[in-house]
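Given the structure is predicted, the values throughout are model-derived calculations rather than measurements.
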Amino acid sequence: MLDEVTVAASNEKSNSDRKIVFPSDKQKKASSNGIELLQQIALPRLQVNALQRTLSVPGGGEVQLRINGIIATNEEVIALLPEDIIKIEYHDNPGLRYGNAAVVLDYITKRKVSGGNVSVDFTNAVNAVWGEDQLSAKVNHKKSEFSLSYRLATRDFYQMWRENEEKFNFGDGKVINRKEVGQPGHLGMYWQNASMQYNYQPDDKTVMNATFRYFGNEQDHFDYYSDLYFTDRPNDILKLTDKTTASTKRPSLDLYFQKTLPANPSLDLYFQKTLPANQLLVVNVVGTYIGSKSGRFYQENQNGSLISDIQNNVDGKKYSIIAESIYEKQMKAGTFSAGLKHSQAFSDNTYTNGKRYVTEMRQADTYAYISFKGKLKNLEYNLGIGGTRAWSFQEGDGDGYETYTFNPRLTLQYNFPSNAYLRLQGSVNNNQPSLSELSAVDQRIDSLQIVRGNPLLQPYTSYQVNLSGEARKGIFTANLWSSYEYRPKAIMDEKFVEGNRIINTFDNQKSWQRLSVETTLKVKPLKDLLQVSATGGVNHYLSDGNTYNHEYTNWFYRGDLSFVYKKVMLAFQIQSNWNWFWGENVYGGENYHLLQAKYNMKNCSIGLGVFNPFSDNYKVVNENWSQHATIKKANYINESSRLVMVQFSWNLSFGRKYASAQKKLQNSDSDSGIVTNSK
């Protein structure tokens, strides 16, 4: 006799260190993989590039992916079946254990006991050579789990060019103004990721994991052809040719891949054991070898006479080992954790540019911390204290450095009775110079410029304070995020005159500051049928160098719209340039829009997308504001306008999946340590 009663609850919950989201059935049905599901959820600050299947946050911080606590790659997340995802934990305030990650995304999935799955995901353009294709598989047998993934991305464009305006001031009254007008050039490159993983779980409390990874990036063509002239002599034209090739290699244990597509090997050994009384011990050791080669051919030709002829080649080898251990104990008052991490890198690079230079550099970093997370009524808190020892040595280039830094971190979050919270977070971090910045080798950029590293660089400390909050009411969700960052003695670029050349180098400058504010409003006017998300914000930079002082403001916006009806999904994305200012450089972001339509079936989906359908002026603008060399450069790729793509994805599960234990951490090394000399 009773009427039907429906109990509805929010599908989101916010803690001091994470937001927990439970995707709806409609959101799952509208997605074919774990990346697309994030596009439907529209988390604040997280930028989902549906075209390249990538995730990013403003400012270029690390987005760390996990599946059931185990560190995962993009390929493994793409292979996830949305129907198997129970919830997503979005750590927008990662603790000390997550290192320098800006955000952490942990997919919690259904845990089954045997079987496996195979998935493919293909996205290719029909009017240009552009592709993102991958294959993934996982099989479980008794206490073992085997998984592999392979991804191939290709780009081959013939309508790439740049425009460049340069003003060189040598300080003695000599001023040179040049303008570069681009002609169609060629961009050809491909990169591939492969991984093989073995996971062994003898019991519910112990897990051992070994992963062999392969990454190869082959840039065969980055060819610019331009007319270069002095503005006071517009008819006196020089023909400019600027070609760059590059190859990055991390070989796998597969000898065939190492021989045909030289790559950099990475061996990841992992051990985890759960201790009695809610204790956990994690040990992670990673060894990596990175082999890199690059070459640059640059000429300025005037009526058959060479004004400038540059040929630079670099052959680099880098070896590194990263070891980390974490201990956690759950207590009635909260969670106590402690960790120790050590990184050691060895780099040997050979530079050939008319002369032969060999550099040998060593770098180490040791970091230890303790933290405690607890709660007092509506107030959640997380206090961490850490310390860092940084060390380096350069053969024949100076004495190196050895520094010690105190790294505290504090988070306070107050949860209001309604669906709202306010969070304050502060941290102190250590920043080391890269091996490429420490190298004192000279490399010519063009007939007027040289790039040179600085072996006297020292590590520096950065300070950051974030204030954020969120409120939900009915169909509306509003999120506010603000951040202030201060970096005294930051390592930034500078330029000075040396004879008839402009030297581009690095130094510990006075300070760098950034104030960033952004707000996101999400609306669901038709329940799960229609979702609209809009973000607007501003970045304000203060860059105070030893010889310069700059101020820069960048306004930006993003918008997402998603409409889902039964098996059909329509989506639209748009964003303006999110620009970064560092030293004397403006690094321009992308401005683009994307229109998508997709039809989802039980185990597969087909879709059609158009990149920049309403624009033909795609470009990325970079600037340098130096008093000695003022530069404004715009890069264009004509094929990126009205780029039509076809997508096909297929997922097959067989049997029941084996429930592997949760791997808590993973480390990696991707810095080759090579100085670049491109314009």
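- Checked against the 6.0 Å centroid criterion, the rings of Phe372 and Phe336 do not qualify as a close aromatic pair.
- In this structure, Ser468 has no side chain to side chain donor-acceptor pair (under 3.5 Å) partners at least two apart in sequence or on a different chain.
- When only modelled atom types and interatomic distance are considered, Arg66 and Gln64 share a side-chain donor-acceptor pair under 3.5 Å.
- Applying the salt bridge (Lys or Arg N to Asp or Glu O under 4.0 Å) criterion to Arg151, with sequence neighbours excluded, gives Glu75, Glu132.
- Judged by distance alone, the side chains of Glu36 and Gln596 never bring a donor and an acceptor atom under 3.5 Å apart.
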Decide yes or no on side chain to side chain donor-acceptor pair (under 3.5 Å) for Asn539 and Ser516, but give the supporting numbers first.
CA-CA 4 Å; Asn539 292 311; Ser516 183; 2.7 Å; yes

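- No donor-acceptor contact under 3.5 angstrom links the side chains of Thr411 and Tyr381, judged on distance only.
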Evaluate the criterion side chain to side chain donor-acceptor pair (under 3.5 Å) for residue pair Ser144 and Tyr198; output intermediate values, then yes/no.
CA-CA 7 Å; Ser144 297; Tyr198 172 70; 2.8 Å; yes

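- Residues forming a salt bridge (Lys or Arg N to Asp or Glu O under 4.0 Å) with Glu485 (at least two apart in sequence, or on another chain): Arg487, Arg514.
- Between the side chains of Ser483 and Asn466, at least one donor N or O lies within less than 3.5 Å of an accepting N or O.
- A donor-acceptor pair shorter than 3.5 Å can be found between the side chains of Gln192 and Tyr150.
- Atom-to-atom distance recorded for Thr335:OG1 and Glu328:CD is 7.0 Å, nearest 0.5 angstrom.
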Apply salt bridge (Lys or Arg N to Asp or Glu O under 4.0 Å) to Lys19 and Glu470, showing your working.
CA-CA 11 Å; Lys19 176 193 291 289; Glu470 186 175 274; 2.5 Å; yes

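- Annotation: the span from Asn382 atom CG to Ser371 atom OG amounts to 5.5 Å, rounded to 0.5 Å.
- Residues passing the ring-ring contact (aromatic ring centres under 6.0 Å, His included) test with Phe416, sequence neighbours excluded: Tyr414.
- Note that the CD atom of Gln197 and the OG atom of Ser147 stand 4.0 Å from one another [nearest 0.5 Å].
- For the side chain to side chain donor-acceptor pair (under 3.5 Å) with Thr405, the lone residue among Asn430, Asn429, Thr388 that qualifies is Asn430.
- Counting heavy atoms from C-beta outward, Leu38 and Leu105 have side chains that approach closer than 4.5 Å.
- The pair Glu518-Arg558 counts as a salt bridge, with a side-chain nitrogen and a carboxylate oxygen less than 4.0 angstrom apart.
- Here NZ of Lys341 is found 5.5 Å from CD1 of Ile322. Values are rounded to the nearest 0.5 Å.
- Tyr421 meets the ring-ring contact (aromatic ring centres under 6.0 Å, His included) test with no other residue; sequence neighbours excluded.
- Between Gln531 and Ser562, the side chains place no donor N or O within less than 3.5 Å of an acceptor N or O (distance only, hydrogens not considered).
- Residues passing the salt bridge (Lys or Arg N to Asp or Glu O under 4.0 Å) test with Asp560: none are found, sequence neighbours excluded.
- Contact record, Leu340 with Ala368: CD1-CB, 3.8 Å, taken as the closest heavy-atom pair.
- For the 3.5 Å distance criterion, the side chains of Asn284 and Glu324 fail to qualify, holding no donor opposite an acceptor.
- Neither side chain, Ser136 nor Ser149, offers a donor N or O lying under 3.5 Å from an acceptor on the other.
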